[in-house]
2 protein chains.
Amino acid sequence: MVSAARLFARQGARGTSIDEILSESGTGKSQFYHYFSDKDELIRCVHAMQIERMLALHSVIFEQLDSWEGFELLQDTVLHLLESQRFQNGCPIGSLASELAASDELVRIDTEQYFDRKKAAIVRGLTSMKLRGELRADTDVQGLADFVVTVLQGAKLMCKVRRSADSASASFRHMMAYLRSHRTALA
Amino acid sequence: MVSAARLFARQGARGTSIDEILSESGTGKSQFYHYFSDKDELIRCVHAMQIERMLALHSVIFEQLDSWEGFELLQDTVLHLLESQRFQNGCPIGSLASELAASDELVRIDTEQYFDRKKAAIVRGLTSMKLRGELRADTDVQGLADFVVTVLQGAKLMCKVRRSADSASASFRHMMAYLRSHRTALA
DNA sequence: AGCCCAGTGTACTGGGCGGTATAATCTCCG
DNA sequence: CGGAGATTATACCGCCCAGTACACTGGGCT
């Protein structure tokens, strides 16, 4: 499963054969078909696993999203994660979604829920900042959260294509500047 | 070639067979191998064609990017394009890049140049706004252009996954608000 | 007419794919 | 020990894939 994830990131789900995954993981075919009914199920499981892995990895950060430092931490973490793979993979969830969202409805819905959960965490953080009076009362928390998710996802694609963090970090800088433009005098 | 593009958008390049393309376009195999040496070349040609098509389609808008109305027009055009395909495809260039950038270096580089050309058009527009005194003198034109490209790309992925323009249009709204926050008193 | 040849239709090939069948092995319990 | 059931290795199957071979067409030239 972890082998499958690695290969999917490198060559896409459709571009990876079951035999390849098996030889990389050192297991046999009977094991595979014992745990999964077919390749599509494997793809969905890998995708769901990546989603849970990402959300778990960021869960601590998500709880700190009620401060500017929290958002800084979020973008730093994303950049470090991308750098640790030398900007070669971008976002495994986004990549798989791009490849399969149009043809596999279950993958599409799982991805949608992933974005929803990310957005919800951001909404929570921004809302409590608003309640504390750090954000202006007329701040569009929902739209802003969508905006953050969009920028994060776009930035990860930029990294993958450009093999560099330059565009992504510039985008993050501007995103943060915009977020901060909603702060009140008190904050 | 246009059939190939349509199928690639729906099921990805790796998920589309040559036979499928041929039966959809009503041509034979000998024609295909007369014009292309192999499938990879077709993929690259389709990708390059999509890039030129997109840039040509936006060329008029790119020339108007020296005004707020120009940017409004850009985002409206992108949204209309996405809507006309019922948000099922997102960005064909971004999708293909997500799928293949890690394994096909030529596709990656073509995509990078596509982003560069888009960015250059935005830089031109913002620079002339700056020279006319509509943007603050300390505006980071380069970074801002990267930011716009990133948001556009992220928004197109959001449309594809969510099958709705809500996230995208919220993101565009906030992007515009941020751009406008750089205007001078005179503008 | 006779020839040529770029362009086209189509049958074919070898290999790799997803998936299955079957036999061997391990594990647990009497 | 012995046997039953779960787990695993491996040989295999049919299909579909990318790519090739080859026969055919029709228009231009002599």
Side-chain angles (χ1 to χ4, degrees), chain A residues 1-50 89 92-93 95-111, chain B residues 1-50 89 92-93 95-111:
Chain A
M1 193 112 137
V2 52
S3 309
R6 188 167 40 239
L7 288 167
F8 285 177
R10 213 181 305 155
Q11 38 195 351
R14 290 246 128 92
T16 304
S17 74
I18 294 176
D19 288 347
E20 240 174 318
I21 297 166
L22 295 177
S23 80
E24 170 125 346
S25 68
T27 52
K29 220 164 226 195
S30 60
Q31 279 186 73
F32 177 86
Y33 282 98
H34 182 68
Y35 292 110
F36 305 100
S37 68
D38 58 12
K39 193 186 178 184
D40 284 350
E41 192 179 302
L42 169 75
I43 292 173
R44 285 181 207 123
C45 283
V46 168
H47 193 232
M49 185 195 72
Q50 295 275 45
N89 291 342
I93 299 163
S95 297
L96 214 96
S98 279
E99 187 185 349
L100 300 175
S103 51
D104 189 327
E105 183 70 1
L106 294 178
V107 167
R108 207 213 94 221
I109 289 175
D110 280 353
T111 313
Chain B
M1 194 113 134
V2 52
S3 308
R6 186 167 41 239
L7 288 167
F8 285 178
R10 213 181 306 154
Q11 40 195 3
R14 289 247 132 89
T16 304
S17 74
I18 293 176
D19 288 347
E20 241 174 319
I21 298 165
L22 296 178
S23 79
E24 170 124 346
S25 68
T27 53
K29 220 163 226 193
S30 59
Q31 281 186 70
F32 177 86
Y33 282 100
H34 183 68
Y35 293 110
F36 306 99
S37 68
D38 58 11
K39 192 186 178 185
D40 283 350
E41 193 179 300
L42 168 75
I43 292 172
R44 283 180 208 123
C45 283
V46 168
H47 193 231
M49 185 196 70
Q50 295 274 45
N89 290 342
I93 300 164
S95 297
L96 213 96
S98 278
E99 188 185 349
L100 300 175
S103 51
D104 188 328
E105 183 71 0
L106 295 177
V107 167
R108 208 212 94 222
I109 289 175
D110 280 352
T111 313

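Just the heavy atoms: all of them, side chains too, but no hydrogens, waters or symmetry mates, feed the values below. Quick note on labels: first sequence line is chain A, next is B, and so on, each numbered from 1.
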Polar side-chain atom of A/Lys39 near backbone of A/Ala13 as donor-acceptor pair, under 3.5 Å: yes
Exam field: side chain B/Glu99 to backbone B/Gly12, donor-acceptor pair closer than 3.5 Å: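 Pair absent, no side-chain N/O of B/Glu99 close to backbone of B/Gly12.
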Within this structure, what is the [atom1]-to-[atom2] distance between [X] and [N], rounded to whole angstrom?
X       : N      : atom1 : atom2 : result
B/Leu42 : D/dG19 : CG    : C1'   : 14 Å
B/His34 : D/dA21 : NE2   : P     : 17 Å
B/Phe36 : C/dT8  : CZ    : C1'   : 16 Å
B/Ile21 : D/dC17 : CD1   : C1'   : 12 Å
A/Ile43 : C/dG18 : CD1   : C1'   : 12 Å
B/Gln11 : D/dC16 : CD    : P     : 15 Å
B/Asp19 : D/dA18 : CG    : C1'   : 8 Å
B/Arg14 : C/dG16 : CZ    : P     : 15 Å

Candidates D/dT8, D/dA11, D/dG19 - which lies nearest the side chain of B/Asp38: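 Per side-chain heavy atoms of B/Asp38, the pick is D/dG19.
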Among C/dG18, D/dG19, D/dT8, the nucleotide that comes nearest once only the side chain of B/Ile18 is considered: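 Side chain of B/Ile18 sits closest to D/dG19.
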Donor on one side chain, acceptor on other, B/Ser37 and B/Glu41, under 3.5 Å: yes
Side-chain N or O of A/Gln31 closer than 4.0 Å to phosphate OP1/OP2 of D/dT7: no
D/dA9 OP1/OP2 closer than 4.0 Å to side-chain N/O of A/Tyr33: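 Result: no.
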Rounded distance (nearest 0.5 Å) linking atom CG of A/Leu42 with atom OH of A/Tyr35: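 The OH atom of A/Tyr35 is 14.0 Å from CG of A/Leu42, to the nearest 0.5 Å.
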Gap between atom CG of B/Leu100 and atom CG of B/Leu106 - 0.5 Å precision: 11.0 Å
Sugar-phosphate, base or nothing in reach of A/Phe32, heavy atoms under 4.0 Å: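 No contact at all - A/Phe32 keeps every heavy atom at 4.0 Å or more from the nucleic acid.
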base_contact_polar (C/dG16 base, A/Ser17 side chain, donor-acceptor, <3.5 Å):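 No, no donor-acceptor pair under 3.5 Å.
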Check: B/Lys29 side chain, D/dG19 base, donor-acceptor under 3.5 Å: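 When only heavy-atom distances are counted, B/Lys29 does reach the base of D/dG19 through a donor-acceptor pair under 3.5 Å.
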A/Glu20 vs B/Tyr35, nearer the 5' end of DNA chain C by closest nucleotide: B/Tyr35
